[in-house]
2 protein chains.
Amino acid sequence: MARTTRQRSAVVAVFDELEGFHSAQEVHARLRTAGDTVGLSTVYRAVQALADDGELDSIRTESGEALYRRCSTQHHHHLVCRSCGRTVEVAGPTVEAWADRVAGEHGFADVSHTLEIVGTCADCR
Amino acid sequence: MARTTRQRSAVVAVFDELEGFHSAQEVHARLRTAGDTVGLSTVYRAVQALADDGELDSIRTESGEALYRRCSTQHHHHLVCRSCGRTVEVAGPTVEAWADRVAGEHGFADVSHTLEIVGTCADCR
DNA sequence: CGGCGTTTGACAACGGTTCTCACCAGCTCC
DNA sequence: GGAGCTGGTGAGAACCGTTGTCAAACGCCG
């Protein structure tokens with residue numbers, strides 16, 4: 001039952017310091033280089049537990065990697081260039097409202113969403 | 001340069017018969033049980049080639065698996081229940097328009113997007 | 001048909017994630 | 001504060017989808 005250990009606090013601390021999405025491996029590396037010895041398995045368990053508790057959001061990279069971010073981070077989406085990978089963060093009240101409405105219409109509650117826009121940026125055309 | 005072989009035709013045929021998203025492994029299994037002997041690597045290469053050519057769309061499962069669908073399938077998004085996995089397909093002209101507009105404002109062209117809405121469905125509450 | 005360049009497929013390798021299991025450490029009750 | 005129960009930890013192995021390897025097979029062109 002959710003015991004508060006040194007390792008879990010450390011993982012939470014990393015996400016408190018960092019904006020945006022980060023992988024479990026990245027968190028692990030960050031802790032290690034900070035001199036904090038935490039097992040990789042433990043980091044995986046921690047981020048999963050946190051995601052289950054709704055403290056972290058998660059998405060999947062195009063390559064299949066799982067990324068997490070602190071939930072309180074201001075919500076926004078990514079506009080990614082398919083050629084150079086340049087990323088612009090965009091906010092979308094329109095979409096947020098639409099997603100909530102559509103979900104509600106189908107009886108879904110406690111709704112979140114992920115949206116990724118991919119295109120070719122001006123420089124790469 | 002894009003030779004038309006028995007194996008590639010077979011993969012294309014599977015997507016012609018099937019609606020929605022399917023994994024490379026699923027396609028492979030389907031071909032095998034149909035008595036069509038095609039290597040797994042070949043299926044992977046075929047779906048990737050097709051995705052590169054824009055003939056297939058791809059997304060990632062929550063578990064990291066890659067799924068593909070025939071591109072001509074009418075564009076829609078998924079509303080997924082986080083508990084039972086039930087999926088509802090929703091169309092969203094609002095979102096389409098918004099995504100195009102936002103991308104255009106940032107100088108992005110040739111825009112596509114993926115949107116996934118996750119919530120808890122009425123039955124699972 | 002013959003040759004060449006691509007494709008194929010069995011298998012190995014890879015990388016992220018999850019599992020295993022012996023050891024360790026919060027928490028609770030005394 | 002200490003003992004004991006219960007859940008957490010971590011090194012390493014296992015797992016699984018995916019990608020790479022390479023010799024053999026095949027499509028295509030002349």
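Each chain gets a letter, A, B and so on, in the order the sequences are listed, and its residues count up from 1. Just the heavy atoms: all of them, side chains too, but no hydrogens, waters or symmetry mates, feed the values below.
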* Carefully, step by step, assess L115(A) and H113(B) under the rule side-chain contact (heavy atoms from CB on, under 4.5 Å). => CA-CA 7 Å; L115(A) 168 59; H113(B) 63 269; 4.3 Å; yes
* **Distance, rounded to the nearest Å, where R60(A) contributes CZ and dC16(D) contributes P** => 15 Å
Nucleotide N/O of nucleotides 2-6 of chain D paired with protein N/O under 3.5 Å:
unit_1: dT6(D); atom_1: O2; unit_2: R3(A); atom_2: NH1; d: 3.2
unit_1: dT6(D); atom_1: O2; unit_2: R3(A); atom_2: NH2; d: 3.1

* Would you classify E26(B) as touching base, sugar-phosphate or nothing, given that sugar-phosphate means primed atoms plus P, OP1 and OP2, and contacts are heavy atoms under 4.0 Å? => nothing
* To do: Using heavy atoms and a sub-4.0 Å distance, could you list which residues of residues 35-46 of chain B are near DNA chain C? By number, please.
  => T37(B), V38(B), G39(B), S41(B), T42(B), R45(B)
* Return the nearest nucleotide to the side chain of T5(B); candidates are dG9(C), dT17(C), dT8(C). => dT8(C)
* Asked: Are there more than 12 heavy atoms of other residues, nucleotides or ligands under 6.0 Å from atom CD of E62(A)?
  -> no
* Under 4.0 Å: is that the gap between some side-chain N or O of T4(A) and OP1 or OP2 of dC27(C)? -> yes
* Asked: Taking CD from Q7(B) and C1' from dA24(D), how many angstroms apart are they, rounded to a whole number?
  -> 13 Å
* Structure fact -> Whole-Å distance, E65(A) CD to dT18(D) P, equals 15 Å
* Could you please name the option among dG9(C), dA11(D), dT18(D) that lies closest to any side-chain atom of R32(A)? => dA11(D)
* **side-chain hydrogen bond (donor to acceptor under 3.5 Å, both in side chains) between Q48(B) and Y68(B), intermediate numbers included** => CA-CA 9 Å; Q48(B) 282 170 179; Y68(B) 301 86; 5.0 Å; no
* Take the protein atom CZ of F21(B) and the nucleotide atom P of dG17(D), then report the distance between them rounded to whole Å. => 19 Å
* Between R6(B) and dG9(C), is there a side-chain N or O to OP1/OP2 distance below 4.0 Å? -> yes
* Salt bridge flag under 4.0 Å for residues R6(A) and D36(A) -> yes
* **Length of the CD-C1' vector between Q25(A) and dC14(C), whole Å** => 13 Å
